[in-house]
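In what follows, a structure is listed as C-alpha cells, so that the remarks can point back to it.
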Protein chains: 2
Amino acid sequence: MPTISDVAKLSGLSKATVSRVINNHPYIAKEKRERVEQAMKELGYVPNPSARRLRGSLTNTIGVIVPRIVNPFFSYLVHSIEQSAYKNNYQVLMFQSNEKKDKELYFLNLLKNRQVDGLIMTSIENDWDVIQPYTEFGPIVLCNEYLTHSKAPIVRLDQAKAAYIGTKHLIDKGHTKIGYCTGGLFAEDGKDKDRNHGYQQALSEAGLSIHTNWIFINKHTIDDGKKVMRQMLAMDDRPTAIFTGSDEIAAGVIMEAKENGVRVPEDLAVIGFDDQPVAEIIEPKLTTIRQPVDELGEKSVEQLIASMNSKETVLKNIELPVELLVRKST
Amino acid sequence: MPTISDVAKLSGLSKATVSRVINNHPYIAKEKRERVEQAMKELGYVPNPSARRLRGSLTNTIGVIVPRIVNPFFSYLVHSIEQSAYKNNYQVLMFQSNEKKDKELYFLNLLKNRQVDGLIMTSIENDWDVIQPYTEFGPIVLCNEYLTHSKAPIVRLDQAKAAYIGTKHLIDKGHTKIGYCTGGLFAEDGKDKDRNHGYQQALSEAGLSIHTNWIFINKHTIDDGKKVMRQMLAMDDRPTAIFTGSDEIAAGVIMEAKENGVRVPEDLAVIGFDDQPVAEIIEPKLTTIRQPVDELGEKSVEQLIASMNSKETVLKNIELPVELLVRKST
DNA sequence: TTGTACGCGTTATCAC
DNA sequence: GTGATAACGCGTACAA
C-alpha cells in the first residue's frame, strides 16, 4: 500500500511537497506539482485517513445515526441527507442505534475520535448530559428529535402541530373516542413528546379527556399496528378513530381491521403519519400527515456544514411545515 | 481528550502496561490492572481508533455497501447484517453507493485504509478488475450479487431459479405473452444476469421467444412500475402477465392498472419479488418470490468473520433457497 | 519554493 | 511483570 513517502521517492521530491500538493497549498512550482500528481496516479496512492485524523485534519465525512433503518421514514431521510452531503463533497456514514444507548455512544465516539467531522442525530437514546460533552469534538445537529434541555442546532418538523391537526381532523369528523399510538412512552420529556402535546391539546380544546387504555406506547411497525387493532377489538368500549403515528402502524391497523370485518373509515377512522409510499397503496388510501423529508435532510446537512465552518456554535432552530393530506381512511 | 498517556500518568504506570490492559494481555498483576481500569473510568478514556488503525490493528467494524437504502430489500438486508454483526461484537458502517462507481471506490478505500476490517458488498458497480486489488487489504464478501469473473466468497440466492419459477408459474397459468422488468440492462454479464437467464430459460422451455419491447430495463421503484404500466397501455400487442423484479415495481404496476381499469389478475397477472411488507398490503395481494433476507445477512456476516479469522481466503459459495408465494395477483 | 524534523495516540519489540 | 522506544502515515513549524 503506497504511502506519501513512496510518492515522494518516485517523484524525486520530499514528503512535505507531496503533502502540499495533496492539500492544495499555494506556491508550488507547476512542474513539480505535475510530477507529484503523476506519481500519485501511477501508484494508485490514496491518503490514509487514519493518519490524517490522527494528525487532526478533517475527513470530509459526516455521520448519521438512525434508530431503525428499516423504517421508511428514516431510510428516506438518510437518503436525502446523503444526497445533500454528496453535493457538498461530503461522504456519509450511516449507523443504526437500534434504540440502544450503548450503540449510540459508540457512534458518538466516532466524532470524538475524528472519524467524522460532524454528526446528525435523527434520534436520541441517551440523556442530554451524556451527549452534550461530545459537542466539544465537533458539531452535532439534531434532526427531528430533541430533549428539553438539549442545546444544539436542531432542524425539526412541527410535530405538535402535526399531531394537533391530525387529531383535530378526527374531531371535526365527529369523533370523540380517539385512540393514539406513540413510538415512545407518552412521557413528559421523551420521544414524541411534542406529538403527545398536540394530541392532548386537540382533545382538551374539544373538551375531551384522555383514556389511558386508548394510548398505545412503543409502537413502530406494521405488526405493532395489527396488535393495536387486536387490542381494540378486545375492548368493550373502543375508539372510533385512531391517530397512529406512522403509516406503517396505520397499515397494520387497517389490515387487521379488514380481516375482522371492521370497516375503515365507517367503523374506525385511521390516520397515518409520514406519507410514505404505502399510504397510497393501501385501500382505503391513507389520510396522513405529510412531512417534508427531503427538505428535512437538506436543511440538516446545511446546518451541519455551517456549524463546521464557523467555529462558534450557531444555535439555530429550523422548523419545517407539516401538512394534512386527507384521503379515504378518515 | 484523554490519551493513553494520561491514563498512564494517573495510574502511575507506563503506557505499555495500560495498552496491555486495554488489549487483555495475560500476565498483568491484578492490582495494577485494576488501577488502570480505575484511571480509564475516571478520565472517560476511549482508545483512539485512528491511532490503532495506523498501528495496524483491527477495528471490529465492518462495512456494508448498498446501492439504495430506500429500497426495502436493502434496508432489511442491512438490518439483518447489523444484527448478526452485533451479536459477534462487530459494529456496522453502512454506505450507499447510489449506483455510482466513484462512491463505491471511496468506500473500498475504507478497507484499504483499515477503517473497516472487512466489507460486504450487496451490489457491484465497478468492474471486478478494479475491485479485486482491494481484497489484498481485507476480506470482501459478495452478497447476492457477483460478476462472472469475481473471485470472492459469495452468499447468494438462487436468482436464476427464482426468475425461472416465477416465469414458469405465469406460463402454467396459461400466459404466453410475459413481460419482464430488470434493475440492470438485460446484459450478458451485469446486474440481474441470473434472473435474466431464468426468465429466458422458462420461456424457451415453453417454446416462447423473447419480445424485446416487453423487456423493461433499469427499473427499481414504484414510479418505475407505473411507467411500465403506462408503456404497456400504449402497446397494440401487450403482455398479459409481467414478472416485475421487485414488489415495489409490482405495486406501481398494479396501482396504475387499477387507475386505468385494467383488472389484476384477469387482464394482467403481476408477480413481484422480495416478499416485502407491501406484498400483503396491496390488493390484490401479491404473488411474489420470497427471499430469506435474514438468513442472507446472517450468512454473509458469518462468512466475512470466517474470512477475517483465517488468513487464507476461504472461497465459499453459499446459495440460499427461494420460494414462490402464490397469492392473488396471478 | 522546497526540505527536515517532530508529534499526533497506539501497539509491538526489546530489554530489564 | 513491567517499562522505554520505535514504528504506523501524515501535516506543519521552522529553516534554508
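Treat the numbers as computed from the prediction; the structure is a model and nothing was measured. Throughout, protein chains are lettered first and strands after them, A, B, ... in sequence-line order, and every chain is numbered starting at 1.
The residue B:Thr3 sits close only to the backbone: its heavy atoms come under 4.0 Å of sugar-phosphate atoms, none of a base. If you check every strand for non-hydrogen atoms under 4.0 Å, A:Arg52 touches sugar and phosphate atoms only. When heavy atoms are screened at a 4.0 angstrom cut-off, B:Arg53 is found touching no nucleic acid atom at all.
For B:Ile4, the listed nucleotide lying nearest its side chain is C:dT10; candidates were C:dT10, D:dT2, C:dG3. The nucleotide whose nearest atom lies closest to any side-chain atom of B:Ala51 is, among C:dG9, C:dT1, D:dT2, C:dG9. With D:dT2, C:dT2, C:dG9 as the choices, the nucleotide that has an atom nearest any side-chain atom of A:Thr17 turns out to be C:dT2. Distances from the side chain of B:Lys15 to the nucleotides C:dT2, C:dT10, D:dG3 place C:dT10 closest.
Rounded to an integer number of Å, the gap from NZ of B:Lys112 to C1' of D:dC10 is 16 Å. We find that CG of A:Asn24 is positioned 16 Å from C1' of C:dT1, with the value rounded to whole Å. Taking atom CG of A:Asn48 as the reference point, atom C1' of D:dA7 lies 14 Å away to the nearest angstrom. In this entry the distance linking CG of A:Asp6 with P of D:dG9 reads 8 Å, nearest Å. D:dG9 atom P lies 17 Å from atom CE of A:Met40, rounded to whole Å. Rounding to whole angstrom units, CZ of residue B:Phe137 and P of D:dG9 are separated by 12 Å. Look at NZ on A:Lys9: it is 15 Å from P on C:dG3, rounded to the nearest Å. Atom CZ of B:Arg33 is separated from atom P of D:dT2 by 10 Å (rounded to the nearest Å).
For the pair B:Arg20 and B:Leu54, nearest-nucleotide mapping onto DNA chain C gives the more 5' position to B:Leu54. Projected onto DNA chain D by closest heavy-atom contact, A:Ile22 and B:Ala29 fall at different nucleotides, the more 5' of which corresponds to B:Ala29.
Distances shorter than 4.0 Å separate some side-chain N or O of A:Tyr45 from OP1 or OP2 on D:dC10. Between A:Asn23 and the phosphate of D:dG11, there is a side-chain N or O to OP1/OP2 separation shorter than 4.0 Å. Between A:His25 and the phosphate of C:dT1, there is no side-chain N or O to OP1/OP2 separation shorter than 4.0 Å.
A salt bridge does not link A:Arg68 to B:Glu82: none of the charged nitrogens lies less than 4.0 Å from a carboxylate oxygen. Classification of B:Glu319 and B:Arg156 as a salt-bridged pair holds, one side-chain N sitting under 4.0 Å from a carboxylate O. Ion pairing of B:Arg35 with B:Glu31 is present here, as a side-chain N (NZ or NE/NH1/NH2) and a carboxylate O approach within less than 4.0 Å.
Side-chain atoms of B:Arg55 and base atoms of D:dA7 include a donor and an acceptor less than 3.5 Å apart.
For A:Phe95, the ring-ring contact (aromatic ring centres under 6.0 Å, His included) criterion is met by A:Tyr106, A:Phe107, not counting sequence neighbours.
In this model, a donor atom of one side chain and an acceptor atom of the other lie less than 3.5 Å apart for B:Gln38 and B:Glu42.
The main-chain N or O of A:Glu99 is found under 3.5 Å from a side-chain atom of A:Ser97 such that the two form a donor-acceptor pair.
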